[in-house]
Amino acid sequence: MTGRFFRPGRWTSHDLNDRRGYTAWRLSLQFETRRMISAEMIITIDGPAGAGKSTAARGLAERLGFEFLDTGAMYRTVAWACLERGIDLSDSEAVAKVAQGLTLTFEGESVFCDGQNVTSQIRTAQSSEAASIVAAVPAVRHEMVRLQREAAANRNVVSEGRDQGTIVFPDADCKFFVTADPKERAVRRHAELVAKGEDEPFDDVLRQIIDRDERDRTREVAPLIVPEDALEVDTSSKTPAEVIVDLEATARQKLGLASSTSLFEQA
Ligand code: DC
């Protein structure tokens, strides 16, 4: 995987600041010009936990030469920081304060929180549970959405999460909703945990997936729903490489990009 850089927390919107004070017509003219020059394209991939979104999004971004934005990692990092600081997760105000004060940095596949590498810490079962809770706090979502939009400005991005095609980038050029049967998703998650030496009983993993789906789907803010104009992709009986090939073909067609050599040819 190529090392791509994403630094949402550090990005400043120089363009926007420079434009303050211009008249409205000048603003819109510059915006249009910027769009024409940069021609940024956004692909969103939403879906439930363990459906293979991350692998698909990373692979697709790499194949297209786009940046990859892992928004789940952002919520996980907020959750981890709260746990580290002993914050009561039911105290929404305290959780929101943590979210607003963090500097989140992505470097390739590594995630940094205020300069500390937290890549493995945010993937534990405890962080997953906590992420689902902090993600339901409106002020946390507000802050993450702001950072996500800032991160994607003027870039070609594959953005993965739960609300990317619905809330964060409703005008995205291409939207996917990646899903899989809950049992299949539990099998995958369980295998990941075993590989990391965290051998949780399978039934517990399955229950956590079902509970998390329920929380993500029924929460008041930004519930997990299929965006109206998204293509649904069921990965239950597909390999990750097959999913990437499918997404790439559709994305290239939708975005008007020339087709590329297939994954299999490339190897
Ligand atoms: O995709 P993931 O498992 O890394 O996401 C972790 C949690 O964050 C999960 O409970 C859903 C939530 N999330 C969200 O609410 N919105 C997003 N855009 C991404 C993740």
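Whatever order the structure lists them in is the order used to number ligands and atoms, beginning at 1. What you see below is based on every heavy atom in this structure, not just the backbone, and it leaves out hydrogens, waters and symmetry mates.
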Nearest-neighbour protein heavy atom for atom 12 (C) of ligand 1, which is reported as residue plus atom name and distance: A135 CB, 3.8 Å
Other residues, nucleotides, ligands: >12 heavy atoms within 6.0 Å of E192 CD: yes
Note, L89 side chain near L83 side chain (heavy atom, < 4.5 Å): yes
Identified side chain to side chain donor-acceptor pair (under 3.5 Å) partner of S159 from the options Q148, E67, Q164: Q164
Atom 3 (O) of ligand 1: nearest protein contact (heavy atom, Å): R76 NH2, 3.0 Å
Note, V187 side chain near F202 side chain (heavy atom, < 4.5 Å): yes
Short N or O distance, D70 and ligand 1, threshold 3.5 Å exclusive: no
N/O separation below 3.5 Å, R162 to ligand 1: yes
Heavy-atom nearest neighbour in the protein, as seen from atom 20 (C) of ligand 1, with distance rounded to 0.1 Å: G72 CA, 3.5 Å
R141 and ligand 1 - part of the residue with a heavy-atom distance under 4.0 Å: side chain
Location of contacts on S132 toward ligand 1, heavy atoms closer than 4.0 Å: both
R219 N/O to ligand 1 N/O under 3.5 Å: yes
Proximal atoms of ligand 1 relative to Q164 (non-hydrogen, under 4.0 Å): 18 (N)
R215 near ligand 1 by a heavy-atom separation under 4.0 Å: no
Polar atom proximity, T71 to ligand 1 (N or O, under 3.5 Å): yes
Closest protein heavy atom (residue, atom, distance) for atom 18 (N) of ligand 1: D163 OD1, 2.8 Å
Part of V168 within contact of ligand 1 (heavy atoms, under 4.0 Å): neither
Heavy atom of R189, distance to ligand 1 below 4.0 Å: yes
Derivation of the side-chain hydrogen bond (donor to acceptor under 3.5 Å, both in side chains) call for S132 and R212: CA-CA 7 Å; S132 176; R212 200 131 58 96; 5.5 Å; no
Donor on one side chain, acceptor on other, Q208 and E200, under 3.5 Å: yes
Distance from atom 7 (C) of ligand 1 to nearest protein heavy atom, with residue and atom: A131 CB, 3.8 Å
Within reach of ligand 1, part of M144 (heavy-atom separation under 4.0 Å): neither
ILVMFWY network linking L247 to L231, side-chain heavy atoms under 4.5 angstrom: yes
Sub-4.5 Å side-chain heavy-atom contact between V78 and L102: yes
Per-atom contacts of ligand 1 with Y75, taking only distances under 4.0 Å to non-hydrogen atoms: 8 (O), 13 (N), 14 (C), 16 (N), 17 (C), 18 (N), 19 (C), 20 (C)
hydrophobic_cluster_shared for I133 and I87, side chain cutoff 4.5 Å: yes
Qualifying residues under side chain to side chain contact (heavy atoms under 4.5 Å, CB included), relative to D211, sequence neighbours excluded: R207
L64 with I42, same ILVMFWY side-chain cluster at under 4.5 Å: no
